[in-house]
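What you are looking at is a predicted structure, and each value in this text was computed from that prediction instead of being measured. First the proteins, then the strands, lettered A, B, ... as listed; each starts at 1.
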Protein chains: 2
Amino acid sequence: MTALSLSPSLAAPQQPIDALGHIGVRMTFSPGEEIYAQDEDADMFYRVIRGAVRTTRLLSDGRRQIGDFYYAGDLIGLEAGPVHRFSAEALGCCEIQVIRKSALKLYGDEGVKIERLIWAETARELQRTQEHVMLLGRKSACEKVASFLLDIARRFRGEVAELPMGRQDMADYLGLTIETVSRMVTQLQTEGLVRFLGCRRFEVRNATGLACLVET
Amino acid sequence: MTALSLSPSLAAPQQPIDALGHIGVRMTFSPGEEIYAQDEDADMFYRVIRGAVRTTRLLSDGRRQIGDFYYAGDLIGLEAGPVHRFSAEALGCCEIQVIRKSALKLYGDEGVKIERLIWAETARELQRTQEHVMLLGRKSACEKVASFLLDIARRFRGEVAELPMGRQDMADYLGLTIETVSRMVTQLQTEGLVRFLGCRRFEVRNATGLACLVET
DNA sequence: CGTTTCATTGAGTGCGATCAAGCCGTGTGG
DNA sequence: CCACACGGCTTGATCGCACTCAATGAAACG
């Protein structure tokens, strides 16, 4: 097998990651707990085993931007530079596999396979981030919230979806305020596109109507 | 040399790329000409030899977002998926090295070295995109324009800087309208932070004042 | 020189932010 | 069991930044 595969498949994001097996150690984090900090040395990377994680970045005056949310199976902390540009925090209770980058060297052929996985995952993250740029740069508040809910809902395939994050996190991800997020959620509900059962559980009532708000 | 280097250096973005040497073919593009299209097969990647390039993405209703600008030495088209999610267009006249991904297989050891370069470059692009997210999500119009000008000015190290793109491109990169960009440019000039000589050439007059607008 | 394209400026509007209550689920103690 | 407090969410009123629409100005080009 040659070392070259410049177009890692997006289609199979989950299985190959299992190659990571049980390298490293597992840790559990409580809600809000920090997994790694902004500007900390990036000598580890992490895999979410259970729960959900947010990565956040603070401006010096306190404004906050959430980079992305990560769920079971996702890798986090794959920075290019020597330090983490974002911090990572547990959204709820979660279990995380922590892997020292240098440790991979010990795994020979297996290590090479893992290296390729990581590169594929980095490329996938780049794509997600580019979508995020599109959303932040050119979408209205309503479209932002609709896109976000649709994205979450997809993970639940028609079942009632559960939001692992609160409104403030949604706002900081979407580049909005908490009040605007709340208003748009209410509006989407009034229009019959989604229905909320409590503020963290919802179902999509009109998938096509919602998708229609989310231009591509 | 092991196959593992998970923290490719950000510090030396230029030299190693020379490993690409003269693989592939060189092409020239005229202003505005398309290098590759959105949704086109991503079986090539590209290196800017001379000139500047923008990558753009269109929503179905015509709203446009610019992903990034690329200059001499930069690699473009390093998508993870099978198709390009953005299109790439020449900003002015430019010369581009076009490399078929599959061709790298023919280069054996050299190919492996190049593969690693490409991965480093992808990671660097991820970082730039994350900065872009921060800018779009949490900065004011004034801060956006200031950040942008400072970023460009850095490439000219105190010399008079030349903008390779027009106001519309700046606007579509910053998530603003052309009028707002123009107003902010005027404002920054009025405040004595920058000085424009024509609408595509400028110099920074007060670097600290400008940097102060650009929170990190 | 006229034409075209791009940038600037002005006037007015509207979307999303801000400020301020009010609401509601949850937990705690009497 | 209720009273109360607390944090997170929602709603309302108002403000202001950035957008829109329109006109003008300034380069680039034939």
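- Ion pairing between B:Arg124 and B:Glu121 holds under the 4.0 Å rule for side-chain N and carboxylate O.
- Atom-to-atom, CD of B:Gln187 to C1' of C:dT9 comes out at 14 Å; the value is rounded to the nearest Å.
- Between B:Glu179 atom CD and C:dG12 atom P the separation is 16 Å, expressed in whole Å.
- Rounded to an integer number of Å, the gap from CD1 of A:Ile178 to P of D:dG7 is 14 Å.
- Phosphate proximity of C:dA7 to B:Ser182: absent, as no side-chain N or O sits under 4.0 Å from OP1 or OP2.
- Across the protein-nucleic acid pair, B:Leu174 atom CG and D:dC17 atom P stand 18 Å apart, rounded to whole Å.
- Heavy-atom nearest nucleotides on DNA chain D were determined for A:Val181 and for B:Lys139, and the one closer to the 5' end corresponds to A:Val181.
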Audit row: A:Asp172, A:Arg57, salt bridge (charged side-chain N to carboxylate O under 4.0 Å, His left out) steps and yes/no = CA-CA 10 Å; A:Asp172 287 343; A:Arg57 178 112 181 257; over 6 Å; no
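- OP1 or OP2 of D:dC19 sits under 4.0 Å from a side-chain N or O of B:Thr177.
- Residue B:Leu197 contributes atom CG, which lies 12 Å from atom P of D:dA27 at whole-angstrom precision.
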Would you please test B:Phe69 and B:Leu163 for side-chain contact (heavy atoms from CB on, under 4.5 Å) and show each step?
CA-CA 11 Å; B:Phe69 297 105; B:Leu163 293 170; over 6 Å; no
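- Between D:dT10 and A:Arg183, no contact under 4.0 Å exists linking OP1 or OP2 to a side-chain N or O.
- Rounding to whole angstrom units, CZ of residue A:Arg200 and P of C:dT26 are separated by 12 Å.
- Distance CZ (B:Arg138) to C1' (C:dA17): 11 Å, rounded to an integer number of Å.
- Distance CZ (A:Arg167) to C1' (D:dG7): 14 Å, rounded to an integer number of Å.
- No hydrogens or angles were tested; on distance alone, nothing pairs the side chain of B:Gln168 with the base of C:dC6 as donor and acceptor under 3.5 Å.
- In summary, the side chains of B:Glu191 and B:Gln187 do present a donor paired with an acceptor at a separation below 3.5 Å, with no hydrogens or angles considered.
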